[in-house]
Student: 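One structure follows; several queries about it will come next.
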Amino acid sequence: MTTKFPPISPKLPVFMHGADYNPDQWQHDPKVLEEDIRLMKLAGCNVMAIGIFAWAALEPEEGVFQFEWLDRVLDSFAENGIYAWLATPSGARPAWMSEKYPEVLRVEKNRVRNLHGMRHNHCFTSPVYREKVTIMNTKLAERYSQHPAVLGWHISNEYGGECHCDYCQEAFRGWLQRKYGTLDKLNMAWWASFWSHTYTSWSQVESPAPHGESMVHGHNLDWRRFVSDQTIDFYNHEIKPLKAVNPDLPCTTNFMDWFYGIDYREFAKVVDVISWDAYPTWHEKASDAAIAAWFSFNHDMFRTLKHKPFMLMESTPSLTNWQPVSKLKKPGMHKLSSLQAVAHGSDTVQYFQWRKSRGASEKFHGAVIDHAGHEHTRVFGDVAELGRTLAGLTELLGTNVPAEAAILADWDNRWAVNDAQGPRNGGLHYEQTVVQHYKALWELGVPTDIVGSEDDLSAYKLLILPMAYLLREETGKRIDAFVKNGGTLVSTYWTGVVDENDLCYLGGYPGPLRETLGIWAEEIDGLHDDQQNRLILEQGSARLGFGGEYAVHELCELIHTEGAQTLAVYGDDFYAGRPVLTVNERGAGKAYYLGARVRDDAFYEAFYNSLASEAGVRRALDAELPAGVTAQLRSDGEHDYVFVLGFSGREETVTLDGAAYTDVETGEPAAGTFTLPPYGLRVLKRSAR
Ligand code: GLA
Ligand code: ZN
C-alpha cells in the first residue's frame with residue numbers, strides 16, 4: 001500500500017521550485033516584470049515568495065494603501081502558471097511608523113530603544129504594532145485570499161530576537177503569574193534565596209539584563225521560554241485575520257538552522273507547513289562533509305517537527321555575501337545541495353532571491369538573475385537544470401522518511417546546558433556534540449529523526465541522548481519504558497542533571513535515568529583544550545565488534561556501575577581503570593552510557609555501526625559507503641527512493657546492495673558498482689523494504 005502526504009498545496013501538486021521575489025524594488029521599470037515572467041518559465045520556476053519586505057510599497061503613508069502593483073504581479077503570475085507564497089510584511093516597517101510610534105521599536109537588554117533601521121527589530125508586544133499588522137493582514141487577506149495564484153501565506157520573515165520594553169516586561173510578569181500562580185512558587189523554582197534574591201512583589205521581576213540580574217538560571221530559562229512563547233503569540237496574532245477570511249490557505253514562516261531563540265517544536269504546532277532557510281557555506285575550511293552533516297541534521301529536525309514533508313524556503317543559487325569569504329558553488333554542488341534537502345523530506349527548492357538587488361547590502365548576494373540581466377549565466381543554467389530535474393521527480397512528492405533512529409534535542413535543554421556555570425565554561429560544545437553523534441549515523445546512511453521530550457518514541461529502535469542535562473522526571477519514565485520495551489538507548493555524560501526548573505536532581509545523577517542506565521555519575525572533570533584522556537575498549541570489544549584506544553577530551557565523568565557492565569575504561573589520570581563506557585540490560589532493551597567526549601569521529605562511526613546492526617535499525621543501503629558519502633531514504637511504503645549523495649569533493653566508487661534498482665532520473669536499471677563524480681549524486685528506486 002502506498003502512503004503519501006497530500007501535496008503542500010493542491011494547486012501545485014509537483015515539486016515547488018522558485019525564489020523570493022521583490023518586484024517592489026523594480027516598480028520604476030515595468031519591463032522588468034515582463035522579462036521576469038519569461039525567465040521564470042525558462043528556469044522551470046513555478047513559485048515565488050512575494051512581498052516579504054514590501055510594507056512601504058503597500059502602505060506608503062499611514063492608512064494609504066497601494067495594491068495595484070501587487071495586483072499586476074499576481075495577475076500575470078496567474079496568466080503564466082506561476083504561483084505565490086504571499087508574505088505579510090511585518091519583518092520590516094516603514095519609516096513613518098517608527099517616527100510616529102516609537103513604541104514599535106525594540107528595546108535592547110540594556111534598556112536602550114533602537115533607532116529606526118535594519119529589519120527584524122520590532123516589539124512583539126506593542127499594541128500599536130499589533131494593530132498595524134492586523135490592519136495590513138486583513139487588507140491582504142480580503143484582497144488576495146481567493147486569488148488563483150496565491151497558494152498560501154509566508155508570515156513575516158525569520159522571526160527572532162527579543163524586546164525589553166515596558167510592554168514586554170508586563171507581558172513577562174503575566175506569563176510568570178500564569179505559570180507559577182504565587183510568588184512562593186516562583187521563588188522556589190528560581191532558588192531565589194540565593195544571594196537574597198527573593199521577590200516579594202511581582203513588580204520587582206524584570207527580564208535579565210547585563211547591568212541587572214543574569215545569574216539565576218531558572219530566571220534566564222523562563223525568560224527564554226517567554227520570548228519564544230511571545231514570538232509564537234505574535235505569529236498567532238498575524239494569522240488570525242488571514243484564517244478568518246480563508247482558513248484553507250496554509251500558513252508558514254521561514255525558520256533558520258537550529259535557531260537558538262525560539263523553541264521551534266512549540267512553534268511547529270501552529271504552522272501548517274514547516275519551511276526553513278538553508279545557507280550552507282560550502283567549500284570553507286571545514287570539510288564539505290562536515291557542513292553537509294550539519295545541514296542534514298537540520299533538514300531532519302525540520303521534517304521531524306511535523307513528521308511530514310517540509311519546504312526549503314530559501315537557499316542561495318550561488319553564493320552568500322555575509323560570510324568572511326564568499327565561495328562560489330563548485331560544479332555539481334547546486335544540484336547536490338538542493339537534492340540533499342529533497343532527500344531529507346523537502347518538497348520544494350526555493351532561493352533567495354530571484355533578481356539581484358541593484359543597491360544596498362544584498363546587491364552581491366547570489367540570485368537567479370544576475371545584474372547582467374539575462375539567462376546566459378552559469379547560475380541560471382544550474383537553476384534551469386534543477387528545474388528540469390525536479391519536474392522528473394514528481395512521484396516522490398509527499399513521500400516520508402521512515403526513520404528508526406532518533407536523537408533527542410530539546411530547546412530548553414540547550415538553553416540550560418549553555419547557561420550553567422561549570423563544568424567547562426571554556427566550551428561545552430553541546431551543539432557540536434549532538435551533531436558529532438548525528439554525523440556517524442549520516443556516514444552510515446541511517447535515516448534519523450530529531451525528536452523532543454514530548455515526541456512518541458514507539459517507532460524507534462535506537463534513541464540517542466547527547467548531554468540531556470535538563471531532563472524531566474516524566475521524560476525519564478518514558479525513556480525507561482522505551483528501553484524496557486526493547487529499545488536501545490545511548491546516553492552521554494552530563495545527562496539527567498537538572499529538572500525543568502534548572503534545579504539539580506538530589507540523590508545522584510543521571511537523575512531520572514539512573515536505574516535505566518545502571519550507573520551513578522559521581523563527579524565530572526573538565527579538561528583544558530590541550531589535555532586528553534583515553535578510552536580503552538577492551539572488555540567490550542568482543543561484544544561491540546571493535547576495540548582499541550580513543551582520545552577523549554573536554555569532559556570526563558567519573559561513574560560507578562550499579563548493575564551496568566563496563567565496556568571501556570579510562571587510560572590516564574587518577575581515574576585510570578574506571579568505567580567510561582557501560583551497558584545496562586533492562587527489560588527487553590539496552591542502555592549504553594558514554595562518560596566522556598570522544599574526540600575522533602571514527603569511534604562514533606564504529607560504535608553506531610555496531611549498535612545499528614545489533615538493534616536492527618534501518619539503513620538506506622545495506623552497503624558500506626565511502627567517507628563523505630551518505631545515503632538517505634524516502635519511501636511511500638511501496639517504493640523506496642535512495643539518494644546517494646557525494647560530499648567528499650572526490651570521485652568515489654559506490655557499491656549497491658543486492659536489490660534491483662532503477663535510476664529515477666534516467667529510468668535505467670542500476671546494480672553493482674558505480675562511480676560518483678565529485679559532488680555527484682544518484683536517486684535510485686527499489687521495492688520498499
Ligand atoms: C535570510 C533572509 C533573506 C536574505 C537572506 C540572505 O535568509 O530571510 O531575506 O536576507 O538571509 O542570505
Ligand atoms: Zn517590547
Side-chain angles (χ1 to χ4, degrees), residues 18-22 24-25 48-55 85 87-93 98 101-114 118-131 133 154-175 206-207 209 223 226-227 229-231 233-234 237 252-259 275-282 295 298 302 311-323 326-327 329 337 350-357 360-368:
D20 280 16
Y21 185 41
N22 297 305
D24 40 311
Q25 293 179 17
M48 294 286 141
I50 182 168
I52 298 174
F53 297 110
W55 201 326
W85 287 90
T88 64
S90 68
R93 36 162 209 286
S98 306
Y101 308 103
E103 70 162 71
V104 303
L105 299 166
R106 201 168 276 184
V107 172
E108 296 295 331
K109 278 194 192 70
N110 60 6
R111 307 322 196 231
V112 174
R113 197 179 288 282
N114 288 338
M118 308 294 284
R119 58 175 177 175
H120 301 161
N121 57 3
H122 53 273
C123 168
F124 289 119
T125 312
S126 152
V128 169
Y129 202 58
R130 287 187 173 222
E131 188 201 326
V133 162
H154 179 296
I155 308 299
S156 199
N157 194 66
E158 295 190 339
Y159 283 123
E162 56 191 55
C163 176
H164 297 257
C165 77
D166 291 345
Y167 287 121
C168 288
Q169 301 294 350
E170 257 325 295
F172 181 42
R173 286 179 206 117
W175 185 94
E206 283 209 35
S207 60
W223 170 250
F226 161 76
V227 169
D229 282 359
Q230 193 71 352
T231 310
D233 185 70
F234 187 84
H237 176 85
T252 187
T253 183
N254 48 341
F255 289 160
M256 294 168 277
D257 58 338
W258 207 5
F259 183 63
S275 68
W276 83 283
D277 302 345
Y279 287 99
T281 52
W282 300 118
F295 282 88
N298 275 277
F302 286 114
M311 302 172 62
L312 178 62
M313 182 62 90
E314 290 180 27
S315 60
T316 178
S318 60
L319 43 59
T320 57
N321 72 333
W322 40 253
Q323 65 196 98
S326 298
K327 298 293 296 176
K329 280 186 192 167
S337 174
Q350 293 163 254
Y351 313 114
F352 177 86
Q353 62 177 329
W354 172 254
R355 182 179 279 275
K356 260 184 198 174
S357 310
S361 72
E362 289 183 332
K363 63 181 184 292
F364 298 129
H365 192 286
V368 181

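Just the heavy atoms: all of them, side chains too, but no hydrogens, waters or symmetry mates, feed the values below. When a ligand or atom number is given, it counts from 1 through the structure's own listing order.
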Student: From the options R113, E108, R111, select the one residue that forms a side-chain hydrogen bond (donor to acceptor under 3.5 Å, both in side chains) with H164.
Tutor: R111
Student: Under 4.0 Å, heavy-atom basis, I'd like to know which part of H365 is in contact with ligand 1: side chain, backbone, both or neither.
Tutor: side chain
Student: So do the side chains of D233 and R130 get within less than 4.5 Å of each other, counting heavy atoms only?
Tutor: yes
Student: Give, rounded to 10 degrees, the angle between SG (C168) and SG (C165) as seen from the Zn ion (ligand 2).
Tutor: 110°
Student: Should the pair F226 and W175 be assigned to parallel (<30°), tilted (30 to 60°) or perpendicular (>60°) ring geometry?
Tutor: perpendicular
Student: Classify the contact between E362 and ligand 1 as side chain, backbone, both or neither, using a heavy-atom distance cut-off of under 4.0 Å.
Tutor: side chain
Student: Mark up the atoms of ligand 1 that fall under 4.0 Å of a heavy atom belonging to E158, in ascending order.
Tutor: 1 (C), 2 (C), 7 (O), 8 (O)
Student: At a 4.0 Å threshold, what atoms of ligand 1 neighbour a non-hydrogen atom of F53?
Tutor: 9 (O)
Student: Looking only at protein heavy atoms, which one is nearest to atom 3 (C) of ligand 1, and how far off is it?
Tutor: E314 OE1, 3.3 Å
Student: Can you tell me which portion of T320 lies within the under-4.0 Å heavy-atom range of ligand 1? Options are side chain, backbone, both, or neither.
Tutor: neither
Student: Looking at CH2 of W282 and OG1 of T320, how far apart are the two atoms once the value is rounded to the nearest 0.5 Å?
Tutor: 12.0 Å
Student: Within the 4.0 Å heavy-atom shell around N157, which atoms of ligand 1 are there?
Tutor: 2 (C), 8 (O), 9 (O)
Student: Is the W354 ring parallel, tilted or perpendicular to the Y21 ring (thresholds 30°, 60°)?
Tutor: perpendicular
Student: So which protein heavy atom does atom 9 (O) of ligand 1 come closest to, and at what separation?
Tutor: R119 NH1, 3.0 Å
Student: Measure from NZ or CZ of R106 to the centre of the six-membered ring of F124 and say whether it is under 6.0 Å with the direction within 45° of the ring axis.
Tutor: yes
Student: Tell me whether the count of non-hydrogen atoms from other residues, nucleotides or ligands lying under 6.0 Å of CG in N321 goes above 12.
Tutor: yes
Student: Please walk me through it: do R93 and L105 pass side chain to side chain contact (heavy atoms under 4.5 Å, CB included)?
Tutor: CA-CA 10 Å; R93 36 162 209 286; L105 299 166; 3.0 Å; yes
Student: Take the Zn ion (ligand 2) as the vertex and measure to SG of C123 and SG of C163; round to 10°.
Tutor: 110°
Student: Could you tell me if any non-hydrogen atom of M313 lies under 4.0 Å from any atom of ligand 1?
Tutor: no
